[in-house]
Structures are given as structure tokens and as C-alpha cells.
Amino acid sequence: MADKYVPQEIEPRWAERWEREELYRSVVDPDRPKFYALTMLPYPSGDLHIGHWYAMSPSDARARWLRMKGYNVLFPMGFDAFGLNAENAAIKRNIHPRIWTYKNIDNMRRQLRTMGAIFDWEREAVSSDPEYYKWTQWFFLQFYKNGLAYRAEAAVDFCPTCNTTLAREQVWGDDRHCERCGTPVIKKDLEQWFLRTTAYAEELLDHSQIDWPERVETMQTNWIGRSEGAEVTFRTEDGDPMEVFTTRPDTLWGATFMVLAPEHPLVEKVTASEQRAEVEAYVAAAARKTEIERTAEGKEKTGVFTGGYAINPVNNERIPIWVADYVLISYGSGAIMAVPAHDQRDFEFARQFNLPIRIVIQPDGMDDLNPDKMTEAWPGEGVMVNSGQFDGTDAHYSDDGKKNHAVSVVTAWLEEKGIGHGAVNYRLRDWLISRQRYWGAPIPIVYCDKCGTIPVPEADLPVLLPPDVDFRPTGESPLRYHEEFLHTTCPQCGGPATRETDTMDTFMCSSWYHYRYLSPLYDGGPFDPEESGYWMPVDQYTGGIEHATMHLMYTRFFTKAMRDCGVFEPTDAVARRLGRDTTHLYDEPMLRLYNQGMILGEPRPGDLIVARGAFDGEKFNAESVQVVPSLHDAPSPSDVLVAGEVMKRTETTLSVMSPDGRMVVVDTDEHTAFSIPGFGEDATINQIKHHLEVEKMSKTQGNVVAPDELVERYGADVVRGYLMFAFRWEQGGPWDSQGIQGVVRWLNDVWAVVVDGAPDGTSDPEAERDLRRKVHQTIRRVSDGLESFGFNTSVAALMELKNTLQDVKRDAHVSLATWDEAVGTMLLLMAPFTPYIAEELWQRTGHEFSIHNQPWPEYDPEIAAEDMITLVVQVNGKVRDRIEVPADISEEDAKQLALESDAAQRHMDGKEPRKVIFIAKRGMVNIVV
RNA sequence: GGGGAAGUGGCGGAACUGGCAGACGCGCAUGACUUAGGAUCAUGUGGAGCAAUCCGUAUGGGUUCGAGUCCCAUCUUCCCCA
């Protein structure tokens with residue numbers, strides 16, 4: 001066989017032709033159903049990661065499949081190009097972020113092209129282009145005009161490493177670290193810009209118009225954190241109102257003290273002079289703590305009595321006001337009524353400071369709670385006691401767990417009395433979008449001494465980033481020191497004014513990129529209504545789960561806010577003209593979402609070693625350490641010898657796990673002799689490899705897989721095929737550099753079986769039917785896999801069909817027509833997965849360009865049906881025999897055959913069958929004795 | 001602490017609504033071709049047993065003619081929330 005599969009030769013050739021003939025241009029076509037497929041846009045870090053391939057190539061396969069099924073498919077690509085990496089690189093290596101970014105984009109564009117995806121590059125959008133961020137700024141102005149953007153002073157999260165503030169969603173984990181760099185955040189009081197996401201809390205909770213993974217919906221629901229209760233107004237003795245939110249107004253009579261957050265504005269006023277010094281010291285100390293240090297349960301509670309008192313409006317009781325850092329100013333109103341009997345944190349606080357505890361809910365079927373003996377709060381249901389006229393009120397939740405009868409009754413009473421009202425509280429906060437960095441879209445606002453805060457007129461957009469800036473090693477934004485940028489004239493009075501120097505969170509840019517893709521060059525608005533009226537919304541979105549409460553919330557908010565600002569009005573006119581149903585058309589950006597998993601690093605075993613020396617207690621002092629190929633021939637362990645796998649390596653010690661699972665620490669010094677094959681006698685401990693756990697790929701771990709190298713070595717089809725075959729897409733898993741061979745063999749075999757031509761051509765009807773059956777069964781399995789994102793099963797089915805073709809070629813006789821049809825169908829089925837080889841072999845089998853414009857093969861259930869099946873005979877549910885029978889066997893015949901089976905007879909043990917069950921669709925009989 | 005997802009050969013993973021567990025592939029084993037093999041081809045490959053057969057989907061119960069799949073409890077891992 002002279003002609004071999006050389007992907008390096010065929011792939012660039014087809015890539016060039018597809019591009020030249022604009023095969024993948026997507027053009028509005030009202031006569032065809034549209035499908036907008038989208039995968040999350042990459043950040044231009046410089047190199048396409050294997051994770052990008054894993055996210056994009058299966059999405060591409062699915063988009064290609066839909067295309068062959070007759071949809072007008074749009075599958076665009078672009079870059080989320082603003083952000084800190086560029087700026088940090090600029091500081092470190094003295095390259096301008098723009099240069100760094102656009103160089104990276106060029107490289108990634110090239111890498112993306114090798115993938116062979118159907119990206120329509122005419123629609124590429126780059127968020128750092130002025131033509132793009134002009135519209136990001138424009139959106140900000142629309143939101144500002146509609147009251148959805150505002151500036152406020154607040155205690156905000158600040159990342160000291162990134163030197164900028166962060167949105168609440170970008171602070172992660174128990175230690176409240178920066179989502180980007182992992183540094184724990186600190187609190188700062190700053191004036192910042194916010195978008196009013198909380199205005200959409202209720203609508204964001206509603207996922208009824210979208211088909212998203214439950215996991216994401218749950219995460220968003222938790223994040224929004226809706227709780228129902230009441231807002232009650234307490235007053236200080238001086239009469240200053242203090243709003244308190246509680247989910248349990250039925251416990252109001254149990255409030256024995258109040259707690260203010262250290263940042264609460266009333267702290268200063270209520271503090272008595274003799275307590276002032278102590279309170280001020282406490283407030284200052286709290287400011288230095290992280291939120292998690294403050295609120296962790298189980299930690300010893302701290303707090304200080306202010307000396308002031310409040311009046312509980314339900315019973316006019318005088319209760320002390322404390323300051324404690326477990327109350328956060330950012331949640332609710334920053335003040336709580338403390339009900340120690342029924343709230344665990346209040347309980348701990350009361351115990352700590354000997355504050356009174358009063359029972360107001362008596363649980364069912366328990367002895368009366370005793371405040372002196374309780375070891376924890378009772379947060380559950382019961383009956384109201386010690387609560388005046390409400391004593392005896394039933395405080396149980398309704399069956400759905402949502403409504404508490406006592407809560408409703410008390411809330412109604414509060415409203416009647418005018419001391420409180422039913423209220424809903426959300427954990428969700430407004431989106432902080434100010435970033436004190438350079439490489440982002442400038443917030444289009446100027447500050448004028450005379451006129452105040454003035455938006456930049458739309459006609460003056462974009463507010464351009466000045467190119468000539470000096471980056472400071474601290475990361476502080478150079479815009480603050482750029483005189484020309486900073487000083488401007490007020491658009492209203494023409495007098496001197498200064499510009500806002502903060503830029504916008506890059507999640508602003510990525511909240512609407514799927515609209516910009518529709519018309520990246522359009523200048524009459526953020527997007528061309530002729531395009532959006534046809535294409536929007538996104539039909540299928542794919543990407544990682546890590547954005548569940550960030551990007552995926554922001555983009556939903558954005559679309560809803562755009563709708564309410566009237567941005568979609570021109571779109572609506574076009575959509576109606578096209579006869580589309582516009583109900584809910586502008587409510588959600590992406591109708592279906594699917595999350596793929598992550599490719600992890602390849603696990604690596606540690607070196608196997610034999611160490612000689614002596615034990616010193618638990619520790620083993622080694623005289624020599626020898627790396628061996630296997631432990632089979634190693635002498636057995638003893639007092640002077642340790643053998644096993646190196647699990648960990650530090651400067652002078654090796655943690656060695658012996659085959660029986662025992663860990664020994666082997667200590668070495670400068671006299672220890674190391675012998676490592678390939679390193680000669682000069683080897684050192686540093687050359688010994690240690691075990692590497694499966695984890696995220698990272699440069700420091702040395703477990704990064706470079707797609708460029710893989711493509712060069714195996715071709716893009718192999719890389720695509722392997723990524724789709726080897727993992728469950730939604731799950732991902734560790735890379736396996738050997739496993740890829742399976743896909744290499746698959747494509748080599750496909751090549752050989754197709755290029756070598758048909759078998760002899762003499763026809764055997766049975767073989768013909770078998771082959772055609774297999775082909776149609778494969779159509780079904782491949783289609784089902786694509787439909788359900790089960791790419792691995794689709795590829796498995798294609799491999800099976802290839803195996804069948806090999807067998808047919810060797811042993812069976814089929815006509816040329818049948819063979820050609822089988823081969824042609826296989827190539828069509830392969831086209832979404834491995835587009836290059838499919839195109840090449842399509843041409844070589846005498847078909848016209850291009851396979852990617854062919855319709856998807858039709859599945860015919862009649863051809864796919866088996867005519868013989870294996871009848872499984874069970875006795876008491878255990879398989880005892882298998883009999884070949886016609887597929888259309890009658891129930892009587894099947895039962896009779898089963899009962900006559902020797903093996904079944906043997907296991908029936910002479911007993912009479914009590915029942916015989918026949919399952920037609922499974923071809924099975926179960927005899928019960 | 002609350003909620004959710006998952007646990008199947010040495011490995012990645014199949015198994016549609018309860019119906020032949022382990023498809024497909026990696027690896028491994030044996031053989032062939034080779035100066036050679038990290039190439040290719042053939043055969044085998046869940047475990048135990050000479051065998052008939054038995055045991056096997058984290059563990060223990062349950063429902064069912066029949067359970068990887070449904071129910072209850074337990075253990076482990078991961079995620080989210082506190």
C-alpha cells in the first residue's frame with residue numbers, strides 16, 4: 001500500500017480551500033431554519049490550550065451535524081481581549097498591553113484555524129477593539145439613563161495582588177479569595193460604579209424560559225439567595241430608626257439584644273461615652289479582618305457593648321445594643337435583632353457575654369426548653385410562647401416548607417401596627433463594575449465641579465484608551481496620571497472637568513459579545529437588527545461550569561436590561577417581519593446550555609527506587625539510592641534496605657511507598673550515591689521523579705499538553721477525535737498520552753479500507769443485508785450521540801462500522817454499490833468529527849466538493865432491524881441459555897423453545913414452571929420455578 | 001451543618017423507559033512478520049475454578065419474575081451553600 005494517511009499533507013490543503021470558497025460563511029436566509037451555536041469565547045492568553053480544543057471541537061462537531069441536517073448554522077468565534085493578564089505582562093516585560101494582546105490573538109487565530117471548525121471568521125469580534133468597546137460604553141450609558149447604573153460609596157472587595165476592586169461574584173471560597181489570582185481579598189471603602197442587578201433578582205430566579213443544567217440553575221438560585229420575612233423598625237432610645245430584616249418575625253418577642261455591624265452608621269451615635277474607647281478599638285480591629293474570619297461558625301464570638309439601648313417595638317422592651325463583627329454591613333441592613341433562643345449565632349454570642357435568653361418558640365413533644373440548660377439554639381418549628389397575645393400561635397411551616405403560619409400572622413399584625421412589613425431579602429448584590437486598571441473599557445463619565453456627574457454624550461464615544469501610558473510596578477492604573485486623558489471639558493457647561501479613570505469589569509464586554517458577533521463591523525448600533533432579528537437568541541451555548549454565577553448571571557442580566565432599555569426595538573421590527581414569534585424572544589440570551597468538563601493533567605508514577613542504608617528511628621538514612629525499572633527483582637526490604645515508589649520529593653528527603661502501601665521517609669545527604677539510568681553516576685536527588693497526582697494542567701507542574709505539538713504529530717482530526725472519544729464530555733478527565741493511539745489507528749484503518757477499494761464485488765445477499773443493517777444502525781447511534789452530547793459513543797459506533805467494513809472486505813462478498821454506499825455513509829457520518837479526512841476520502845471516492853455540504857444520512861429502521869436475534873433464556877432471572885431465533889418469533893414459540901432448552905431444563909431441576917415471562921423487545925424469556 | 005452529583009475490569013468509558021453487565025478504545029498476554037520494534041497483523045483479556053459452574057457494578061438491607069438502573073441506611077469523592 002503506497003498511499004498512506006498523512007494528515008499533515010491533507011489538512012492544510014482543505015483548510016485553505018474551505019476558506020477560499022467561503023464554505024462556512026453564515027448568511028441570513030429567512031427560508032431556512034436558523035441555529036445559533038455558541039461556545040464561550042477565549043481569553044487571548046497567547047496559546048490555545050488543550051482545554052480550548054476540548055471545549056470547542058465537540059461543539060463544532062455538533063454545529064456541523066446541525067448544518068448537515070439542514071439548519072442555517074452560525075458558529076462564530078472571537079476574543080475576550082481586555083483584562084489583567086495583558087497589563088501584568090506589560091508591567092513585567094515592558095510590552096504595551098495592546099501589542100501583547102493582538103500578538104496573542106494572531107497566534108491563537110492561527111491555532112484555531114488548524115482545528116478545522118466552521119467558525120465564520122467574518123463575524124469575529126474582539127472586545128478590546130475600539131469599534132467594540134464603543135458599544136460596551138454605549139450600553140453603560142443606556143443603563144445609566146434608565147437608572148440601572150449608579151455610583152455609590154461602599155465597603156467593597158479589593159484584591160491587593162490585582163490591585164483592583166472585584167464584584168461579589170468574583171470572590172470565591174471559604175477564604176474569600178480573588179477568582180483570578182487566589183489572593184484573599186480585603187475590604188475597602190470606595191466610591192464605585194454599580195449595575196443594578198438586584199432589580200432583576202426575581203426575574204433571574206425564573207429559569208422557565210431556558211433549558212439549562214439544573215446544577216447551574218441551583219447555583220444561581222442559591223447565589224441570589226431569596227429569603228422571605230419582615231422588615232421591622234426598632235428605635236434607639238433617642239428615637240433613631242434601625243431597620244432590621246428577619247426571616248422569623250414570630251421570634252420578635254425573644255429579642256434580648258441588638259447587634260450592629262461595626263460599620264453601621266448608628267454605632268457612633270448610640271455609643272455611650274464610657275464605652276467609646278472600647279467600641280472604637282473594636283471597630284478598628286474588625287476593619288482589618290476578612291469576612292470569613294468574622295462570620296465562621298464555631299469561632300469564638302467577639303463584640304462590645306455600646307452602652308446604648310433600643311426599644312423593641314413589639315413589647316416596648318429596652319434591650320442593649322452591641323457591636324459585633326459577625327454581623328455584616330453588606331447583608332440586609334447591617335443590624336440584627338438577636339434572638340439567642342432560636343438562632344445559633346445569637347445563642348453563641350449570648351453565652352459568650354452572659355446575655356439573657358428567652359424562649360418564644362416551644363417545640364412539639366419536648367419538655368419545656370430551659371434557657372439555662374440549652375446547649376444550642378432551637379431554630380425549628382413549634383408554638384409561640386412568651387409573646388403576649390400571640391401565645392399559642394402555631395409556628396409550623398406549610399407542607400412545601402415555604403410559609404410559616406406564625407410568620408404570616410405576625411407580619412400582618414406588624415403592618416397593621418405600622419412597625420414593620422413583609423419583605424424579601426436577597427443575598428445577591430448589585431454588580432460592582434469599576435476596576436482600577438488600564439486595560440479595559442473606560443467608564444464614559446466625567447466629573448464637573450459645576451454640573452456634577454455627567455455621562456459622555458453618545459456622539460463622543462468611544463472614550464479611547466490613551467496609548468501612551470506609563471505602567472507602574474504597583475499595578476496602579478496609569479490613567480489616573482495621564483493628564484490628557486484625565487482633563488477634559490464638561491459636555492454640559494463646557495468648563496473644565498475630569499474623567500472617570502476606572503475601567504469596566506471585563507465581564508461587561510463578555511455579557512453581550514454574542515450580539516456583536518452578528519455584525520462586528522456595524523456602526524449604526526451595537527448590532528444590526530437585520531441580523532439579530534433572524535439569529536437571536538443563541539440556541540445552544542456551551543462552556544465551563546465555573547461561570548455559573550458570574551458570566552452566566554451577568555449575561556442574563558444584560559439581556560433583560562437591554563430589553564428594558566428598548567435596545568431590541570429595531571430587532572423586534574425585523575423579527576416580526578420575518579414572522580417570528582417574539583414572545584419571550586428578548587428575555588434570555590441563551591436558550592440551551594451544556595457544560596463540558598475539564599481535561600486534567602496526566603498522572604505520572606514516581607520513580608521506583610531501592611535505597612540502602614539504615615533506619616534511624618522512623619527515618620531511613622540512605623547511603624545509596626538506585627532507580628530501578630521494576631520492583632520485581634528488588635531484594636526484599638529489611639533493616640538496611642527500602643524499596644518502593646517515590647511519592648514526594650523535597651530537598652533532601654524522599655517519601656517512598658513500598659508495594660505493601662507503607663510510607664517511609666528516606667533521608668539523603670551529600671554522601672548519598674544516586675544511580676539513575678540515563679544520568680550516569682553524577683545523578684542527584686533532583687533528577688528523581690516523584691508521583692504526580694491528577695490535577696489541573698499547569699506550567700509549574702510540568703503536565704501541560706500542547707495542542708500544536710499534537711496537531712503537528714497526529715493531525716487535527718486525530719486530536720478532535722481523541723478528545724471526543726476518550727471522555728464523557730460533561731465530565732472530562734486526566735489526559736492519557738497513550739490513549740490517542742487508538743484514534744490514530746482508527747483513522748489509519750479508515751484510510752486503508754477506503755483507499756484500497758472495494759472487495760471482489762461478487763454479491764452474497766446475506767452479507768449485503770448485514771452490511772446495510774450495520775450502516776443504518778450506525779447512522780442511528782452516531783446521530784443519537786450527537787443529539788445528547790454523547791460524542792464518545794458516536795465515535796465508538798464509527799469505529800465499529802470501520803471494523804465491520806474490514807471484516808466484510810476480508811471475508812464477505814458484497815456488490816460494489818452496497819460497498820460504496822456503506823463507505824460513503826461512513827464518511828458522511830465522520831464529517832462532523834473528523835472533517836479533513838472525511839473531505840479527502842469523499843473526494844477520492846469520486847464525490848463532488850464538499851462533503852460538508854451534503855445532507856445527513858437518513859436512518860431507515862427497516863434496514864436497521866435484525867432478522868435473527870439471540871433469545872436469552874433465564875431461569876429465575878439468571879441467564880441459562882441463548883438460542884438464535886427469527887426476530888419476529890411469536891410469544892408461544894419463544895416460550896416453548898425456552899422450556900425445551902437443555903440448559904434451562906437442567907436448572908429447572910425437574911420443577912414445574914410457575915410463570916413464564918416473555919419480553920419481546922429484549923428477546924428474552926424468564927422461567928420462574 | 002444543609003443541598004446536589006457521582007462511585008462499573010489494571011485505565012478511559014458503554015449499557016435507551018428495570019431485561020444478556022463490561023460496547024468501543026487504551027494497556028496487558030501469547031503468537032506472526034522482522035536486524036530491530038514505542039510499527040503492523042492474528043488471537044485472548046472482569047475474578048475464581050481442570051471443568052460443569054460459581055462470584056461480580058462502593059457497603060448492608062429492601063421492592064421485583066428480573067436491579068448497575070428503583071427505595072432505605074452506611075461509607076468515600078467532588079461541587080454548591082452556610
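Throughout, protein chains are lettered first and strands after them, A, B, ... in sequence-line order, and every chain is numbered starting at 1.
No contact: A/Arg780 has no heavy atom under 4.0 Å from any strand. When heavy atoms are screened at a 4.0 angstrom cut-off, A/Arg745 is found touching the sugar-phosphate backbone but no base atom. As judged by a 4.0 angstrom heavy-atom cut-off over every strand, A/Gln874 is placed among the base-contacting residues. Here A/Gly732 lies in heavy-atom contact (under 4.0 Å) with sugar-phosphate atoms only. When heavy atoms are screened at a 4.0 angstrom cut-off, A/Val879 is found touching the sugar-phosphate backbone but no base atom. Across all strands, A/Trp746 comes closer than 4.0 Å to no nucleic acid atom at all (heavy-atom distances). At the heavy-atom level, A/Thr793 lies under 4.0 Å from the strands shown only through sugar-phosphate atoms. At the heavy-atom level, A/Met924 lies under 4.0 Å from base atoms of the strands shown.
At B/G27, one or more side-chain N or O atoms of A/Gln738 fall inside 4.0 Å of OP1 or OP2 (strictly under the cut-off). Neither OP1 nor OP2 of B/C41 sits under 4.0 Å from any side-chain N or O of A/Arg810. Within the structure, a side-chain polar atom (N or O) of A/Arg728 is placed less than 4.0 Å from OP1 or OP2 of B/A14. A/Arg345 has no side-chain polar atom (N or O) that falls below the 4.0 Å cut-off from OP1 or OP2 of B/A82. Applying the 4.0 Å criterion to OP1 and OP2 of B/A67, one finds that A/Lys878 has every side-chain N and O outside that range. Within the structure, every side-chain polar atom (N or O) of A/Asn803 is placed at least 4.0 Å from both OP1 and OP2 of B/A23. Under 4.0 angstrom from either OP1 or OP2 of B/A14 there lies at least one side-chain N or O belonging to A/Asn792.
Ion pairing between a basic and an acidic side chain is recognised when a charged N comes within 4.0 Å of a carboxylate O; A/Asp784 and A/Arg781 show no such pairing. Under the 4.0 Å criterion applied to side-chain N and carboxylate O atoms, A/Arg713 and A/Glu709 are not assigned as salt-bridge partners.
Geometric assessment of A/Arg427 against the ring of A/Trp223 yields a positive cation-pi assignment under the 6.0 Å and 45° thresholds.
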Could you go step by step and tell me if A/Glu348 and A/Gln344 meet the side-chain hydrogen bond (donor to acceptor under 3.5 Å, both in side chains) rule? CA-CA 6 Å; A/Glu348 287 167 22; A/Gln344 185 60 23; 3.3 Å; yes
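Side-chain atoms of A/Glu884 and A/Thr870 form a donor-acceptor pair, as typed in the model, at a separation below 3.5 Å.
When all heavy atoms of A/Ala350 and A/Pro340 are compared, the closest pair comes out as CB-CB, 3.6 Å.
Stem regions annotated for RNA chain B: B:1-7 with B:75-81, B:10-12 with B:24-26, B:27-32 with B:40-45, B:46-48 with B:53-55, B:58-62 with B:70-74, counting only runs of 3 or more consecutive pairs of Watson-Crick or G-U type with both contacts under 3.5 Å.
Here CD of A/Gln874 is found 9.0 Å from CD1 of A/Ile919. Values are rounded to the nearest 0.5 Å.
Put simply, CD on A/Glu800 is 11 Å from C1' on B/G25, counting in whole angstrom units.
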